Peer 1: 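Have a look at the structure that comes next, please.
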Amino acid sequence: MMATSYDLIVIGAGPGGYVAAIRGAQLGMKVAIVEREHLGGICLNWGCIPTKAMLRSSEVFHLMHRAKEFGLKADGIGYDLDAVVKRSRKVAGQLSGGIGHLMKKNKVTVYMGAASLPAKGKVSVKTDKGSEDLTAKNIVLATGARARELPGLEADGDLVWTYKHALTPKRMPKKLLVIGSGAIGIEFASFYNTLGADTTVVEVMDRVLPVEDAEISAFAKKSFEKQGMNIMQKAMVKQLDRGKGKVTAHIEKDGKIDKIDFDTVISAVGIVGNVEGLGLEELGVKLDRTHVVTDEFCRTGIDGLYAIGDIAGAPWLAHKASHEGVMVADLIAGKHAHPVKPETIAGCTYCHPQVASVGYTEAKAKELGYDIKVGRFPFIGNGKAIALGEPEGLVKTIFDAKTGELLGAHMIGAEVTELIQGYVVGRQLETTEEDLMNTVFPHPTLSEMMHESVLDAYDRVIHM
């Protein structure tokens, strides 16, 4: 049987994969995409989108309890967890179905099955109907990643959950332990805590949200504790004893181990790349701790083989994967491609309050040898924030004192995941402090705090 030939084959239909396929098709290539589970990958089906839908429900629930502050009345406030989950799954399903439409529109051939690379330029796909052999001069690996599971802390779907179980809960946790305080852990902690779960977060590092600026992490911790969360930093879950309806967690902190009972545990201790079963080792592809090693253009070192998104390493973000998908397709087509620089990628965490950042933290900028100027502006000084009833938050900016380059921006508070893009664009355009100072920000908006933070870095702040 003759193998079907393509110009480009993409393995994995997550954000990076389907974007690479669409861009390749736009550039005139004959493109196929192989996906073993769901079009849209983890992001659309089990990550970015459904979690935001659930967090929106908890946000509205939180605001309903604050109705009196706004001169409103709301009695008998409650929630239907099944309905919350149903809405979340509906949103995910709607977007996943949209990816199928995009594939048809762009004439991308879709193969639903598990792919492997038996040889350079060849892809074998195992489907429900058998196997199909494909060939292509260019192959893009976009197989993504899955939840890391530590020995003894493995999920069982009953007492111990991964993110998938937490997105489709069979019950509402009463006493919840979240292991790991990265974006995934904190978002689930925020959701369940808001709905009333007695929530404890254990983080092995010295602060929650450890990739964020230390000042923002400290602000977040205080806010989470104010909401009733128990935050345990520099602590480790050593063991889980599973019983009937409960889990006893052995938590080590300061050399002592406490045994604490919970009815639910969510493990959010990172991810591992989906590299198994592809035949990468046989091809000579270099791996580093379950991630494919690539250069700045996502090339693996094997001619015609690229890796993008989570499988290619940090930052593990859908928008980074999507940009890499476009870049690789452009590179293959001989277009001018721009490599993705990790320090230009914004990170967003949709807990309450939201957290967002781009560029270097204050500590990293100092470590790199920069002479810096730092500006800050609190939400309490912003008219729109007060009018919204969201006076808790902070915008922090970091500049190179010599050149005025914006080195980093860090925010915590209402809607900062939307605000951060202003600074992202600024960094992309190599904006200086002078450009930002001379920009007129509309009033009244939360974005005015972005202006004031810049002014503060240069001792020109007005409203503080």
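Quick note: residue numbers are just sequence positions, from 1. When reading the values below, keep in mind they use all heavy atoms of this one structure, side chains included, and skip hydrogens, waters and symmetry mates. Quick caveat, the model's predicted, so the values are computed rather than measured.
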Peer 1: When you measure from the side chain of S217 to the backbone of L209, do you find a donor-acceptor pair of N or O atoms at a distance under 3.5 Å?
Peer 2: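 Confirmed, S217 side chain pairs with L209 backbone.
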Peer 1: Look up atom OG in S88 and atom CG in L55, then write down how far apart they are to the nearest 0.5 Å.
Peer 2: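 Those atoms lie 9.0 Å apart.
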Peer 1: Report yes or no: does H101 contribute a side-chain atom to a donor-acceptor pair with the main-chain N or O of G97 at less than 3.5 Å?
Peer 2: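 No: the side chain of H101 does not pair with the backbone of G97.
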Peer 1: Please list all pairs meeting salt bridge (Lys or Arg N to Asp or Glu O under 4.0 Å) that have one or both residues in residues 59-73, counting only residues at least two apart or in different chains.
Peer 2: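 Of all non-adjacent pairs touching residues 59-73, those that pass salt bridge (Lys or Arg N to Asp or Glu O under 4.0 Å) are R56-E59, R66-E69, R66-E390.
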Peer 1: Output the distance between atom CG (L305) and atom CZ (R299), rounded to the nearest 0.5 Å.
Peer 2: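 With rounding to 0.5 Å, CG (L305) is 12.5 Å from CZ (R299).
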Peer 1: Identify whether the distance between the nearest side-chain nitrogen and carboxylate oxygen of E343 and K364 falls below 4.0 Å.
Peer 2: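 Between K364 and E343 there is no salt bridge, as every charged N stays at least 4.0 Å from the carboxylate O atoms.
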Peer 1: Are the side chain of S190 and the backbone of I186 linked by a donor-acceptor contact shorter than 3.5 Å?
Peer 2: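 Checking the backbone N and O of I186 against the side chain of S190, no donor-acceptor pair under 3.5 Å is found.
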Peer 1: Would you name the heavy atoms of P173 and T264 that are closest together and state the gap between them?
Peer 2: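 Residues P173 and T264, closest heavy atoms: CB-OG1, 3.5 Å.
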Peer 1: Which atom pair, heavy atoms only, marks the closest approach of V34 to G113?
Peer 2: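 Between these two residues, the closest heavy atoms are CG1-O, 3.5 Å.
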Peer 1: Sequence neighbours excluded, which residues qualify as ring pair (Phe, Tyr, Trp, His ring centres under 6.0 Å) partners of H323?
Peer 2: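 Ring pair (Phe, Tyr, Trp, His ring centres under 6.0 Å) list for H323, sorted by chain: empty.
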Peer 1: Hey, what do you get for CG (L159) to CG (L177), rounding to the nearest 0.5 Å?
Peer 2: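 Between L159 CG and L177 CG, I get 12.0 Å after rounding to 0.5 Å.
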Peer 1: Regarding T397 and S453, is there a side-chain donor-to-acceptor distance under 3.5 Å anywhere?
Peer 2: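 Their side chains do contain a donor-acceptor pair, which is all the 3.5 Å distance test asks for.
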Peer 1: With sequence neighbours excluded, tell me which residues meet salt bridge (charged side-chain N to carboxylate O under 4.0 Å, His left out) with K384.
Peer 2: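 Result, salt bridge (charged side-chain N to carboxylate O under 4.0 Å, His left out) vs K384: none returned.
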Peer 1: Is it true that the side chains of R146 and T162 contain a donor and an acceptor less than 3.5 Å apart?
Peer 2: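 No - no donor-acceptor pair under 3.5 Å links their side chains.
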Peer 1: Just by modelled atom types, is the A189 backbone N or O under 3.5 Å from a matching donor or acceptor in the N193 side chain?
Peer 2: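 No, because the side chain of N193 does not come within donor-acceptor range (under 3.5 Å) of the backbone of A189.
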Peer 1: Treating R427 as the side-chain partner and L406 as the backbone partner, does any N or O pair qualify as donor plus acceptor under 3.5 Å?
Peer 2: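 Such a contact is found between R427 side chain and L406 backbone.
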Peer 1: Of the non-hydrogen atoms in A365 and L407, which two are nearest, and what is the gap between them?
Peer 2: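 In this case the closest contact between A365 and L407 is CB-CD1, 4.3 Å.
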Peer 1: Counting only heavy atoms not in Q428, do more than 12 sit closer than 6.0 Å to its CD atom?
Peer 2: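 No.
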Peer 1: So, are E296 and K341 salt-bridged, with charged N and O less than 4.0 Å apart?
Peer 2: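 Answer for the salt bridge query: no.
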Peer 1: Take M411 and V395 through the test side-chain contact (heavy atoms from CB on, under 4.5 Å) and record every step on the way to the result.
Peer 2: CA-CA 5 Å; M411 307 175 172; V395 177; 4.2 Å; yes
Peer 1: Does any non-hydrogen side-chain atom of L134 lie less than 4.5 Å from one of Y111?
Peer 2: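 When only atoms from C-beta onward are counted, L134 and Y111 do touch, with a gap below 4.5 Å.
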Peer 1: Is it true that, when you exclude R289 itself, more than 12 heavy atoms of the residues, nucleotides or ligands shown sit nearer than 6.0 Å to its CZ?
Peer 2: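 Open.
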Peer 1: Side-chain contact, heavy-atom cut-off 4.5 Å: Y370 with Y360?
Peer 2: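 The answer is yes, as the side chains (C-beta and beyond) meet within the 4.5 Å cut-off.
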Peer 1: Do V275 and T143 have side chains that approach each other closer than 4.5 Å (heavy atoms only, starting at C-beta)?
Peer 2: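 Side-chain contact under 4.5 Å: no.
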Peer 1: Are the side chain of T344 and the backbone of V340 linked by a donor-acceptor contact shorter than 3.5 Å?
Peer 2: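 Flag not set: sc T344 to bb V340 has no pair under 3.5 Å.
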Peer 1: Look only at the side chain of T290 and the backbone of G273, and say whether a donor-acceptor pair between them is shorter than 3.5 Å.
Peer 2: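 Here the side-chain-to-backbone pair exists.
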Peer 1: What donor-acceptor contacts under 3.5 angstrom involve side-chain atoms of residues 350-357, with partners at least two apart or in another chain?
Peer 2:
from, atom 1, to, atom 2, distance (Å)
Q354, OE1, E415, N, 3.4
Q354, OE1, V416, N, 3.3
Q354, OE1, T417, N, 3.2
Q354, OE1, T417, OG1, 2.7
S357, OG, E212, OE1, 2.8

Peer 1: Could you name each residue pair satisfying ring-ring contact (aromatic ring centres under 6.0 Å, His included) that touches residues 242-291, not counting sequence neighbours?
Peer 2: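 Only H291-W316 qualify under ring-ring contact (aromatic ring centres under 6.0 Å, His included).
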Peer 1: What is the distance from atom CD1 of I302 to atom CG of L117, rounded to the nearest 0.5 Å?
Peer 2: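 The CD1 atom of I302 sits 10.5 Å away from the CG atom of L117.
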Peer 1: Is there side-chain contact between L150 and I179, with heavy atoms separated by less than 4.5 Å?
Peer 2: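 Side-chain contact under 4.5 Å: no.
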Peer 1: Do you know the tightest heavy-atom contact between A13 and Y18?
Peer 2: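 What the structure gives for the nearest pair is O-CD2, 3.6 Å.
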Peer 1: Hey, is the main chain of T127 close enough, under 3.5 Å, to the side chain of E132 for a donor-acceptor pair?
Peer 2: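 A pair under 3.5 Å: no.
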Peer 1: Rounded to the nearest 0.5 Å, how far does CD1 of I184 lie from CD1 of I271?
Peer 2: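 Between atom CD1 of I271 and atom CD1 of I184 there are 7.0 Å.
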Peer 1: Could you tell me if the side chain of K90 sits less than 4.5 Å from the side chain of K86, heavy atoms only?
Peer 2: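 In short, these two side chains do not touch, never coming nearer than 4.5 Å.
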Peer 1: So, are E203 and R207 salt-bridged, with charged N and O less than 4.0 Å apart?
Peer 2: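 Result for this pair is no, no salt bridge flagged.
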Peer 1: Take K174 and D263, measure what salt bridge (Lys or Arg N to Asp or Glu O under 4.0 Å) needs, and give me the verdict at the end.
Peer 2: CA-CA 7 Å; K174 294 179 180 177; D263 64 71; over 6 Å; no
Peer 1: Check C48 against K52 and note the closest heavy-atom contact, atom names and distance.
Peer 2: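 Closest approach of C48 to K52, heavy atoms only: O-CG, 2.8 Å.
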Peer 1: With a 4.5 Å cut-off on side-chain heavy atoms, are D133 and S124 touching?
Peer 2: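 Touching, per the 4.5 Å side-chain cut-off.
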Peer 1: What pairs of donor and acceptor atoms, side-chain ones from residues 76-85 against any protein atom, are under 3.5 angstrom apart with sequence neighbours left out?
Peer 2:
from, atom 1, to, atom 2, distance (Å)
Y79, OH, L195, O, 3.3
D80, OD1, D82, N, 3.1
D80, OD1, A83, N, 3.2

Peer 1: If you define the side chain from C-beta out and look only at heavy atoms, does anything of K246 sit under 4.5 Å from T248?
Peer 2: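 Yes - at least one pair of side-chain heavy atoms lies under 4.5 Å apart.
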Peer 1: Walk me through it: do V10 and V108 pass the test side-chain contact (heavy atoms from CB on, under 4.5 Å)?
Peer 2: CA-CA 10 Å; V10 181; V108 175; over 6 Å; no
Peer 1: Within the supplied structure, the quantity of interest is the number of heavy atoms (other residues, nucleotides, ligands) at a distance under 6.0 Å from Q94 CD; does it exceed 12?
Peer 2: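 Open: at most 12 neighbouring heavy atoms sit under 6.0 Å from CD of Q94.
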Peer 1: When rounded to the nearest 0.5 angstrom, what is the spacing between CG in D158 and CZ in R242?
Peer 2: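 Nearest 0.5 Å value for the CG-CZ distance: 9.5 Å.
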Peer 1: Would a 4.5 Å heavy-atom cut-off, applied to side chains only, mark V202 and I251 as touching?
Peer 2: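 Yes, side chains in contact.
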Peer 1: I'd like to know if the side chain of K253 reaches the main chain of Q233, judged simply by a donor and an acceptor atom lying under 3.5 Å from each other, with no hydrogens or angles considered.
Peer 2: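 Such a contact is found between K253 side chain and Q233 backbone.
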Peer 1: Could you walk me through whether Y306 and L331 pass the side-chain contact (heavy atoms from CB on, under 4.5 Å) check?
Peer 2: CA-CA 11 Å; Y306 304 81; L331 191 66; 3.9 Å; yes
Peer 1: Between E35 and H38, is there a donor-acceptor pair closer than 3.5 Å when you use the side chain of the first and the backbone of the second?
Peer 2: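 Yes.
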Peer 1: When you look at CE of M112, are more than 12 heavy atoms from neighbouring residues, nucleotides or ligands closer to it than 6.0 Å?
Peer 2: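 Count over threshold, so yes.
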Peer 1: Go through the steps for E215 and E362 under the test side-chain contact (heavy atoms from CB on, under 4.5 Å), then give the verdict.
Peer 2: CA-CA 9 Å; E215 192 171 352; E362 182 177 352; 4.3 Å; yes
Peer 1: When you look at NZ of K126, are more than 12 heavy atoms from neighbouring residues, nucleotides or ligands closer to it than 6.0 Å?
Peer 2: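 Not more than 12 within 6.0 Å, no.
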Peer 1: Looking only at heavy atoms, what is the nearest atom pair of E392 and F379, with distance?
Peer 2: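 Residues E392 and F379, closest heavy atoms: C-CB, 3.9 Å.
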